[in-house]
Amino acid sequence: MPGTAQTVPPYLEVYKTVVSPANKFSNVQSFDMNIGRQNVSDPFTAGRCTITGRVPSSLPSLLIGDTVVTTLNTKAGATVIYTELLWRVKDLTINYGEVAAMDTWTLELEDSLAYLGRATVPTRTITAGTNVATAAATICTDAGLTLFQVGTTLAKSSAQTVTGQNAAEVFYNLASAEYAWIYPGTSIQVGWLSRNAWLALDLLVTFSDNNTGDLTYNELEFTSLADNYADKVVVQPIGTTEVVTGTGIFSYNINTYSETTSDATNLGNFLLGILDLQVSRPFAITYLLNSQPIEYAHYGFQRTPHICGIKFRGTTYYARYLGFNISGDQTATYVTSYLMPNESFNYFVLDSTILGTLDNNKLGW
């Protein structure tokens, strides 16, 4: 679709702690960042960002755990649209050349989910029937984080006492009971989308191969979904008997704090409905950020599973975002969005033109 053309190449700005001219890094050369997943069967993992630059002496003082803000900017005239992400410092490497002009630096960053993986939970007692989002918020607090909830969480936890366990393990056992969508928020925030909230996310943007969509892509990869296929789901409610849904040799296993075996069975049926699709569909789509209208350029890197449309040789496919990779330097920036076909997630949503047709949509849990 027609839009406002960019007048300069996209550019990354980096700041320590907050966006402020006084905190801005100079001499940034390139970057590479990953957030989210490539397959729906992958566990949620921490995002990471690598930034390189010159003139190490120009860097602000940096310690492990310091907050760093990145803004990826597109510009047309005086209009700037940007995506802001918050990180924490993981490591800093200085490479010294033969002379000072050859010195470079590499900054490694990670998002808030990494701190769940680093933290240990003190003794916590979760009573039976506790809303899993409420329990997860307590685990986040133990890790020095806060939980940002969107939507109404319905799942309840079984009775659990955890002592000295990894915070991420406990947190994800709670999240799996709801099948909540987890994403990084600020550097101290973990996002939690309830199941009904993320299932209701609708069409956001359309890619095309003939300039008839919001974004024009350079490369489209299809797969037959071998890494996302299962004909049997094994749900292991911690502390009780496992529940098996489906039959076959392609098994997907998940641990959970589901309150009852009935809840675990519902989760298993829900997951089987997602994973038993065996068709070739879009897996990854790549586009050059430079050439996109600024109104739509940032819609390819979503932390939440909105729907996108993909026009390919006369056919439109629908998919949901799982994660993304962005890499760039001073001349070009490329975005790769990882996708899962919407057929896996097309649970019925009232009044949606894509998710609201009973003959094509599944009834949810």
Side-chain angles (χ1 to χ4, degrees), residues 34-45 179-183 193 195-210 212-233 245-246 248 250-252 254 267-287 299-325 335-349 352-365:
N34 283 287
I35 288 180
R37 301 178 288 173
Q38 293 190 18
N39 297 289
V40 72
S41 57
D42 294 341
F44 290 103
T45 56
Y179 207 68
W181 200 277
I182 307 304
Y183 60 97
L193 269 175
R195 180 178 67 253
N196 289 334
W198 70 257
L199 284 174
L201 295 175
D202 215 327
L203 182 66
L204 189 64
V205 72
T206 301
F207 296 87
S208 74
D209 56 357
N210 59 2
T212 60
D214 304 317
L215 294 164
T216 301
Y217 59 86
N218 300 80
E219 183 178 342
L220 177 63
E221 180 181 351
F222 273 58
T223 71
S224 59
L225 305 176
D227 291 330
N228 290 308
Y229 175 73
D231 50 16
K232 180 173 71 174
V233 174
T245 303
F250 297 97
S251 178
Y252 177 73
I254 188 170
L267 172 62
N269 286 326
F270 177 77
L271 291 173
L272 191 63
I274 291 173
L275 295 169
D276 67 353
L277 184 68
Q278 197 171 187
V279 293
S280 181
R281 285 294 187 269
F283 165 73
I285 192 164
T286 299
Y287 66 94
Y299 283 82
F301 28 107
Q302 295 296 315
R303 288 171 286 177
T304 52
H306 280 84
I307 299 172
C308 66
I310 302 168
K311 298 179 180 179
F312 174 62
R313 298 180 183 175
T315 299
T316 298
Y317 301 87
Y318 294 102
R320 287 186 184 264
Y321 294 105
L322 291 174
F324 60 83
N325 169 265
V335 180
T336 297
S337 299
Y338 297 102
L339 309 168
M340 187 67 184
N342 193 56
E343 288 89 341
S344 295
F345 297 107
N346 61 343
Y347 291 90
F348 182 77
V349 175
S352 168
T353 57
I354 297 173
L355 300 170
T357 56
L358 279 174
D359 289 338
N360 299 306
N361 301 120
K362 298 176 281 191
L363 293 178
W365 157 44

Exam field: side chain Lys311 to backbone Thr212, donor-acceptor pair closer than 3.5 Å
yes

For Ser251 versus Ala230, what's the shortest heavy-atom pair and its separation?
C-CB, 4.4 Å

Heavy atoms only: give me the nearest Tyr318-Gly309 pair and the separation to one decimal.
CD2-CA, 3.9 Å

Donor-acceptor contact present, side-chain Asp231 to main-chain Gly246, <3.5 Å
no

To check you understand the geometry: which heavy-atom pair defines the closest contact between Gln38 and Phe283, and what is its length?
O-CE1, 3.2 Å

Met340 side, atom CE; Leu275 side, atom CG - distance, nearest 0.5 Å
6.5 Å

How about Tyr299: does its OH atom have over 12 heavy atoms from other parts shown lying under 6.0 Å from it?
no

Once you round to the nearest 0.5 Å, how far does OH of Tyr321 lie from CD1 of Ile307?
10.5 Å

Value for OG1 (Thr245) from NZ (Lys232), rounded to nearest 0.5 Å, stands at 10.5 Å

Just by distance, do the side chain of Arg37 and the backbone of Asp42 share a donor-acceptor pair under 3.5 Å?
yes

Where does the angle between the aromatic ring planes of Phe270 and Tyr179 fall among parallel (under 30°), tilted (30 to 60°) and perpendicular (over 60°)?
perpendicular

Which value, rounded to the nearest 0.5 Å, describes the distance between Trp181 atom CH2 and Thr304 atom OG1?
9.0 Å

Which distance, rounded to the nearest 0.5 Å, do you find between the CD of Glu219 and the CD1 of Ile285?
10.0 Å

Can you name the nearest heavy-atom pair linking Thr336 to Ala284, along with the distance?
CG2-CB, 4.1 Å

Judged by atom type as modelled, is there a donor-acceptor pair below 3.5 Å linking the side chain of Tyr252 to the main-chain atoms of Leu271?
no

On the 0 to 90° scale, with breaks at 30° and 60°, tag the Phe312-Phe222 ring pair as parallel, tilted or perpendicular.
tilted

On a heavy-atom basis, which atom in Gly213 and which in Ser208 lie closest, and how many Å separate them?
N-OG, 3.0 Å

Between Leu220 and Asp209, is any pair of side-chain heavy atoms under 4.5 Å apart?
no

Consider only side-chain N and O atoms of Asn39 and Ser41, and report whether a donor and an acceptor are under 3.5 Å apart.
no

Closest non-hydrogen atom pair, Phe301 against Ser337:
N-OG, 4.5 Å

Passing candidate, side chain to side chain contact (heavy atoms under 4.5 Å, CB included) with Leu193, options Leu199, Leu201, Ile182
Leu201

When you look at Leu204 and Cys308, which way does the side-chain contact (heavy atoms from CB on, under 4.5 Å) test go after all the steps?
CA-CA 6 Å; Leu204 189 64; Cys308 66; 5.9 Å; no

How many angstroms lie between CZ in Phe44 and CG in Leu322, if you round to the nearest 0.5 Å?
9.0 Å

With the side chain counted from C-beta on, respond yes when Phe324 and Ile35 share a heavy-atom pair under 4.5 Å apart, and no when they do not.
yes

Within the structure provided, determine whether Ser344 and Val40 are in side-chain contact (heavy-atom separation under 4.5 Å).
no

